[in-house]
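One-based numbering along the sequence shown. This is a predicted model, so every value here is computed, not measured.
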Amino acid sequence: MAEVILEKVSKRYANGIEAVRQIDLEIKDHEFMVLVGPSGCGKSTTLRMIAGLEEVSSGIIRIGERVVNNVLPKDRDIAMVFQNYALYPHMTVYENMAFGLQLRGISRQDIDYRVREAAKILNIEDVLERRPAMLSGGQQQRVAVGRAIVRKAKAFLFDEPLSNLDVQMRTQMRIEIARLHQQLESTMIYVTHDQMEALTLGSRICVMRDGVVQQVAEPIALYETPANKFVAGFIGSPPMNFIDGNITENGGRLIFSAAGLEFEIPVMWQPQLASYKDREVSFGIRPENIGSREAAELPNSPELQGQVEVIEPMGAENHVYLNTGAASLIARLDTRFPVKVGMPVALPVHLPKAHFFDPVSEVLIV
């Protein structure tokens, strides 16, 4: 296995579009790195440049100790799993998994061992003689993964491999891919637009937007300390709530005021927010930190005033949509919390879990 390093990597097309801009990214040996972001953010283009399927416009890509900018895809010692599986319909599962090894001149005995070993890991031993058309979507995805892992490559690249599966199968395959990473102890780079996939799979996550890296961090750090408003709103389901308001001073105390919410800025945040006096800021709070038990038990928790618009039952909890008069927010409330559509509510806010963002640059203030 090997680390993968991108240094100032960019991709510009002939029509002038810059899909990827000056990316610096270090993917460690044995790491599971997830590239995540909305459609068109450059994540798949980045993966394809690592694979050699897209030419690098500028910058350097290293796999291990070797610069691979001008190395053909087949010589980069990587294996890729595509969104559409890309299986040969006229070949059996066994033949699909063995084909790449045959092209590399691997002995028949070694090929047989590798294919059957991969089939055992992926639980597809009983379908080795079937053709792809006879398989379910999940089985086809396992075959595509198996064809990659028999390569024993330095790095495995996954380009939205689960997007064609139904919700239940996606969840199952996500667990299997995580287990596979643990078994192989391999370097894996995984592209997805699904932030829940990113949070559950990644050792670290690289969030991208408009071809630019926004933040690279471990899942919990990304969730709890987002670098900017985009990351805060993209990571998490339901997403973080944002309330635009103003910071004023009253008797030497800084006060945040917005429709439905007003409170004194905690002492620990006053130095960072002092320069925003008489200015607008964006207050961010996640749905689970509105109306929570922790917020209710914390002394002097501010209350969010609003009216219930919609209630979405989610089993153990309800997603409650609130209107404060100037903003629509979501709270995740225990089903025992008595709410009805149309009723006014005053929900405690767990302030230690909140954030403030600059209204112009959108970067995290605190």
**Q** Applying the side-chain contact (heavy atoms from CB on, under 4.5 Å) test to Val281, which of Asp244, Ile247, Asp358 qualifies?
**A** Ile247
**Q** Looking only at heavy atoms, which two atoms of Leu53 and Pro73 are closest? And how far apart?
**A** CD2-CG, 4.2 Å
**Q** Any ion pair linking Asp112 and Arg116 (charged N to carboxylate O, less than 4.0 Å)?
**A** yes
**Q** Between the side chains of Thr92 and Glu129, is a donor N or O closer than 3.5 angstrom to an acceptor N or O?
**A** no
**Q** Checking salt bridge (Lys or Arg N to Asp or Glu O under 4.0 Å) for the pair Arg253/Glu264: CA distance, chi angles, key distance, verdict?
**A** CA-CA 7 Å; Arg253 302 175 303 159; Glu264 181 180 344; 3.1 Å; yes
**Q** Look at the side chain of Arg147 and the backbone N and O of Asn96, then say whether any donor-acceptor pair between them is shorter than 3.5 Å.
**A** no
**Q** Roughly how far, to the nearest 0.5 Å, is CE of Met173 from CG of Leu201?
**A** 10.5 Å
**Q** Given the rule in the salt bridge (Lys or Arg N to Asp or Glu O under 4.0 Å) test, do Glu294 and Lys353 qualify, once you have shown the distances and angles that lead to the verdict?
**A** CA-CA 10 Å; Glu294 291 81 3; Lys353 293 288 187 180; over 6 Å; no
**Q** Look at the side-chain heavy atoms of Ile, Leu, Val, Met, Phe, Trp and Tyr, link any pair under 4.5 Å apart, and say whether Leu25 and Val4 land in one connected group.
**A** yes
**Q** Do the rings of Phe263 and Phe256 sit parallel, tilted or perpendicular, given the 30° and 60° boundaries?
**A** tilted
**Q** Can you tell me how far apart CD1 (Ile149) and CG (Leu122) are? Round to the nearest 0.5 Å.
**A** 4.5 Å
**Q** Just how far is it from atom CD of Glu18 to atom CG of Asn15, taken to the nearest 0.5 Å?
**A** 11.5 Å
**Q** Find out if a path of hydrophobic residues (ILVMFWY) with successive side-chain heavy-atom gaps under 4.5 Å connects Ile243 to Val308.
**A** yes
**Q** Would you compute the distance between atom CE of Met80 and atom CZ of Phe156 and round it to the nearest 0.5 angstrom?
**A** 13.5 Å
**Q** Does Ile235 share a hydrophobic cluster with Val216, counting links as ILVMFWY side-chain heavy atoms below 4.5 Å and allowing steps through other members?
**A** no
**Q** So Lys277 and Glu249, salt bridge (Lys or Arg N to Asp or Glu O under 4.0 Å) or not? Walk me through it.
**A** CA-CA 7 Å; Lys277 187 179 73 170; Glu249 186 177 4; 3.0 Å; yes
**Q** Any idea which heavy atoms bring Pro161 and Val81 closest together, and the distance?
**A** CB-CG1, 4.1 Å
**Q** Pairing donors with acceptors under 3.5 angstrom, does anything connect the side chains of Glu160 and Thr192?
**A** no
**Q** Find out if a path of hydrophobic residues (ILVMFWY) with successive side-chain heavy-atom gaps under 4.5 Å connects Val191 to Met49.
**A** yes
**Q** Counting only pairs under 3.5 Å, give me each side-chain donor-acceptor contact of residues 312-320, with atom names and distances, residues two or more places apart or in other chains.
**A**
unit_1, atom_1, unit_2, atom_2, d
Glu312, OE1, Tyr321, OH, 3.3
Glu317, OE1, Arg332, NE, 3.4
Glu317, OE1, Arg332, NH2, 3.3
Glu317, OE2, His319, NE2, 3.3
Glu317, OE2, Arg332, NE, 3.0
Glu317, OE2, Arg332, NH2, 3.4

**Q** Assess whether atom CD of Gln109 is packed by more than 12 heavy atoms of other residues, nucleotides or ligands within 6.0 Å.
**A** no
**Q** Does a salt bridge link Asp194 with Arg170, judged by any charged N lying under 4.0 Å from a carboxylate O?
**A** yes
**Q** Nearest heavy-atom pair of Glu309 and Asn323: which atoms, and what distance?
**A** OE2-ND2, 3.0 Å
**Q** In terms of heavy-atom contacts, does CG of Asn246 have more than 12 from other residues, nucleotides or ligands at under 6.0 Å?
**A** yes
**Q** Look at Glu176 together with Arg142 and state whether they make a salt bridge at an N to O cut-off of under 4.0 Å.
**A** yes
**Q** Are the side chains of His193 and Lys43 in touch, meaning some heavy atoms are under 4.5 Å apart?
**A** yes
**Q** Run through the side-chain heavy atoms of Ile, Leu, Val, Met, Phe, Trp and Tyr, join any pair under 4.5 Å, and report what else lands in Leu364's cluster.
**A** Met240, Phe242, Phe357
**Q** As an exercise, state the distance from CD of Glu26 to CD of Glu31, rounded to the nearest 0.5 Å.
**A** 8.5 Å
**Q** Just checking, any donor-acceptor pair under 3.5 angstrom between side chains of Lys8 and Ser58?
**A** no
**Q** Which pair of heavy atoms, one from Ala295 and one from Val349, lies closest together, and at what distance?
**A** CB-C, 3.7 Å
**Q** Starting at OG of Ser282, measure out to NE2 of His355 and round the result to the nearest 0.5 Å.
**A** 12.0 Å
**Q** Before giving the answer on salt bridge (Lys or Arg N to Asp or Glu O under 4.0 Å), spell out for Glu54 and Lys11 the whole-Å C-alpha distance, their side-chain angles and the decisive distance to 0.1 Å.
**A** CA-CA 8 Å; Glu54 290 276 2; Lys11 176 62 182 180; 3.7 Å; yes
**Q** State, to 0.1 Å, how close Gly211 and Ile23 come at their nearest heavy-atom pair, and which atoms those are.
**A** O-CG1, 4.1 Å
**Q** Within 45° of the axis and under 6.0 Å from the centre of the six-membered ring of Tyr223, does NZ or CZ of Arg286 qualify?
**A** yes
**Q** Could you pull out the closest heavy-atom pair between Arg204 and Ile27, with the gap in Å?
**A** NH2-CA, 4.4 Å
**Q** With side-chain contact (heavy atoms from CB on, under 4.5 Å) as the test, would you mind laying out the steps for Tyr85 and Asn164 before giving the verdict?
**A** CA-CA 10 Å; Tyr85 316 144; Asn164 292 333; 3.7 Å; yes
**Q** May I ask whether Leu273 and Ile285 are part of the same hydrophobic cluster, defined by side-chain heavy atoms of I, L, V, M, F, W, Y residues being less than 4.5 angstrom apart, directly or through others?
**A** yes
**Q** Is the shortest heavy-atom distance from the side chain of Val339 to the side chain of Ile311 under 4.5 Å?
**A** yes
